[in-house]
Structure formats: C-alpha cells, structure tokens
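When a residue number appears, it is its place in the shown sequence, counting from 1. Keep in mind that what you see is a predicted model, and the values were worked out from it rather than measured.
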Amino acid sequence: MESLGSSAISAQLFGRMISMALTDPTRPTDVALLTDLYELTMAQGLWESGKLDEEDCFTAFYRDHPFGSAYAVMCGTAELAELVENLRFEDEDIDYLASLEAPAGGKLFKPGFLEYLRSFEMHVDIDAVPEGELVFPREPMVRVKGRALECQMLETALLNTINFETLVATKTARVVQAAAGRPVAEFGLRRAQGPDGGMAVARASYIAGCSSTSNVLAGRKYGIPVFGTHAHSWVMSFDTELEAFRAFAHTSPNNCTLLIDTYDVREGVENAITVAREMEARGERLSAIRIDSGDLAKLSKYVRSRFDDEGLPYVKISVSNDLDEYTIQSLLDQGAPIDSFGVGTKLATCYDQPALGGVYKLCARREAGESTWEPVMKLSEQPYKRTIPGVQQVRRYFDEAGSPVCDMILDETYCEGTGEDRATTLVAVNDAALVTSVAGMPYRELLEPVVRGGRAVAPREPLEAARERCAQALSALDPEYKRFLFPQTYVVGMESGLARVRDELVRERLAATGATMPWKAPRHH
C-alpha cells in the first residue's frame, strides 16, 4: 500500500475526527488513535520486552469531590464495551504511525510492532459501576483486567469517556436538585466544548435528571426528548414584537413559548397576553413565556401576576440566563413563581470545575502462567497520591431505611479472615484512625461485568434505565450529603485486611534503599 504524505494524512485524520465528532456510524474504529502517544510507546516497550502475556489489573477513580459535592454520578459506563470492541488499527492508522519521527532521529515505531498492531484486538475484562449510580472519592469506578499491553492501550480513551460524562452528570444532579421538581432543559450545545462535548453533555445530563435537550442530533441518537422555541432574532425579524408573537403562534400553535425580554419584559408580557387571548379564540393555548435577562425573581413575579389577573393561570414561566444550582436555589428561595429552567453554559462547561481529575492506576499484576495476583501500589512523595493495591471491588452498605452509609474497598482475591463474612470492618482511606464496623449490615457490590474477553456481556441498556437508577440513588442518599455548602463527608474505606496489605507495601518502600516500583506485597493464598 502506498504511504500517504504527512499533510495528506493530517487532512484525512481531520476529516475522520469530524466524522467521529458527529458520531458517524461508518467509522466506529476511529478510536484506536484516540490516545496519548505514550500509551503507544509503552505498548511498543511491552511488546519488545517480551511482556505480551503478562497480566495487569487497573482501576479508574477520582480523588477529590467535584463542585464541592459529597458525591459524583457515574456516567459513561455504557460506552466502554463499544470502545473496546472497536479498538482496531486500520491501514491508514499504521501508515500514520509509521510516518512519525523520534526526537533524536529515526522512526518512532518499529516495523515489527506496527505489524503486530495490524491484527491487534482487545481481550480485556471490564467491571464498572453502572451509569446513574453514585460514586465517591478513591473507590474504583472501573476495573480493567487483562494483558498488560491491552490494559495500557485502553487508559486514555477510557478516562476520556468516563471523566467528562461523570462530571456533567454530577453538575446536572445538583442543578436538578436545586430546581426542586421543576423541569430543567439542557441548552448547552452552542457553548459546549465542541461537537463531541455537546453530545456527551446531552446524554449525561439526561441520565442525571434533565427533562430535555436542545440538541437535535442527541435526540435522534439517544432518544432524548428535544425542546426549543424561538430566539430574540425571531422577534427582531419583524416590525413589532406583537407581529412576531402572532406569527410564531400561527406557525407553532402546539409548541408556543414566547421569549418576552427582547425589548422590555413588561411590554412583552402584554403582547403575550394579547396572543394568548387570540389563541384561546382559535381553540389553542399559549404554553409558556421565557425570560432570558434581568432580575428573574422580580420579573417572574410580575409576569405571573399579570397572567393570573387576566385569567391565564395555565401559561407557564420559564427562565434562562447563565443559570446554575446556586442561582436556581436563590430564585426559588425568593419565591419566584418559575415553572421550568433552561440551563446552558454553566452546565455544558461544568462551571466552575473544568475536569473531574479521574485517574487510571495499576493495582495488581501477575506473570504469564501464574494464577495469583500480586497487589502493587504507587507510593509517591505525596501521601495523598498513594494508591490502593489489589484486585478491587467496592461494597455499599445500607441502613435499615435503605440509605447508603459507607463504602468498603476490598481485594477480591484476599480479605480479612477466611471467608466473606469476616470482612466486617473498614479503615478510612485517608484516616487510619477512622474505623467503621459493618458487621451484619446489608450491602451490595457495585462493580458489575461490562466486558469479558473483549466483548460486551449484555446488550446496551436503555438510557431510561440509567436515568431511573440515578433518580433512585439520589433519593436514597441522606440530605446531609446533598447540601451544596459543607456537605457531610461520605465514608469510603478499605477492608481491614487490605488496609494492612497497603501498610506493608508502604513500610517496605520506606525501608528500602534504591529499590524500584511497583512494590509487591506478600502473597496470600
């Protein structure tokens, strides 16, 4: 096959990225190069070092509460099976990698490694927390087991998938909570971080409770309800506001929400009342008005009083204008008679936290042909960044009312004592003095099979299932964890046996001189 020049390759890849951003189903395998370069250079190193049959176990987790919240809403899980199944290298991918030069001269990738990539397939096993479920700092959101090279190759795309969607879902849950049962429409496409970002925002926000999206493509692809009416430009396209309102009512009588703040809200509401009367005479109804600027609390009260005075109590009031959970809460605290909210910029951009900060860390490994996993950990000079070793699972414990009270991280291959019933105490991840007994408490395990041997274990679940799961999880969570200011910290800890293994690894490292990582713990059989 004739190699492409670098400029031609760049143009071709740019075109393919645009297709992927618009979710073109004809190019599902474009994900192979959606990675950081060092994933490929490490993969080449593993290939050349004879480590193709070595197995690793990685976990993905986050360290800090997003938005000052006590929790995050898991999202992106459903994308992982498709990601793994489609991770293939096409001929043009190989040609591009073959064209890359090393900084010191020569080709960056060796011909033998590139030939290996031509027939590359994923065979990993993935377990993950289901979408819509709540997750907390330090606990595994996703666990990946398989050949070391495959696990490494998956890192960047996996984090790219779950980090942003989880962040959006968490922000949305807070906004929806503030709205206190009133519908929240996601209006963020034009302010989102590119086409992919806009699609992810629509999907994740619907799971976390938004009632609809303005994104028509997301509506088609994901089955999300779509919503929209008209902009200020519609009003400005007519000689008068009243003329604009009448025209819109005629063209969209069953979807008539009038934007009344183009010029003056008080004049706008009078024009809306006129149109509402005319619609009633035709057997139609004005659905709502929207206010997009000004003192939303004061204006909504005035508008409500005018509609009520005119015998039009059915006309709803919707507001927008850089809303977030704090402004919505403030509006309702002021008694603003608002029926629904349109939230765009601050939801789509996850204001004011631009990233979740989720990481993907090696936690166990085993040599080819061995059956026993060896827990490993990153120590770091910052204790805060020390990882948790082992093939991890997470258990959520509940009180008698069914509310979650704490989560336990345990090693599936080893726990305190000889049986599951002996895992009765947990030690807080960042505070060894905080020990919690969970003896006799009901629990369930959160990491569920998603991929086995590189293939999905089940058909992709409907988005509505994740949405319902999220609603139930948030409903069950105690209000002390959901308040916006100074929420109570939810306890996440290690099973006491795993905590001792982690301490052993730390002591080994501190006692060692010139040793190298990863540090191995004693084997437990």
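Salt-bridge check for R395 with E139: failed, with every basic side-chain N at 4.0 Å or more from each acidic carboxylate O. Electrostatic pairing of R147 and E150 counts as a salt bridge here, judged by a charged N lying under 4.0 Å from a carboxylate O. Taking the charged nitrogens against the carboxylate oxygens, E325 and K346 have no contact shorter than 4.0 Å, which rules out a salt bridge. Under 4.0 Å is where a charged nitrogen must lie from a carboxylate oxygen, and between E445 and R396 no such pair does. Classification of E131 and R460 as a salt-bridged pair fails, no side-chain N sitting under 4.0 Å from a carboxylate O.
Closest approach of W373 to T413, counting heavy atoms only: CD1-CG2, 4.0 Å. Pairing each heavy atom of T387 with each of R502, the nearest pair is O-NE, 3.0 Å. Taking all atoms of both residues into account, the shortest heavy-atom contact from A473 to E133 is CB-OE2, 3.6 Å. Taking all atoms of both residues into account, the shortest heavy-atom contact from S205 to L347 is CB-CD2, 4.1 Å. In this structure, Y96 and L33 approach most closely via the heavy-atom pair CD2-CD1, 4.0 Å.
Ring orientation note: the planes of Y443 and Y397 are tilted relative to one another, at an angle of 30° to 60°. Using a 30° and 60° split on the angle between ring planes, F113 and Y116 fall in the parallel class, below 30°.
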Could you walk me through whether E165 and R203 pass the side-chain contact (heavy atoms from CB on, under 4.5 Å) check? CA-CA 8 Å; E165 289 199 37; R203 183 181 187 279; 3.0 Å; yes
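Looking at L40 and M153, their side chains come closer than 4.5 Å, going by heavy atoms from C-beta outward.
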Give the table of side-chain donor-acceptor pairs shorter than 3.5 Å for residues 69-76, with sequence neighbours excluded, one pair per line with atom names and distance.
residue: S69; atom: OG; partner: Y71; partner atom: N; Å: 3.3
residue: S69; atom: OG; partner: Y71; partner atom: O; Å: 3.3

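Heavy-atom neighbours of R191 CZ from other residues, nucleotides or ligands within 6.0 Å: at or below the threshold of 12. In the displayed structure, K107 atom NZ is contacted under 6.0 Å by more than 12 heavy atoms of other residues, nucleotides or ligands.
Looking at D36, its side chain never comes within 3.5 Å of a backbone N or O of Y38 through a donor-acceptor pair.
In summary, the side chains of S496 and T425 do present a donor paired with an acceptor at a separation below 3.5 Å, with no hydrogens or angles considered.
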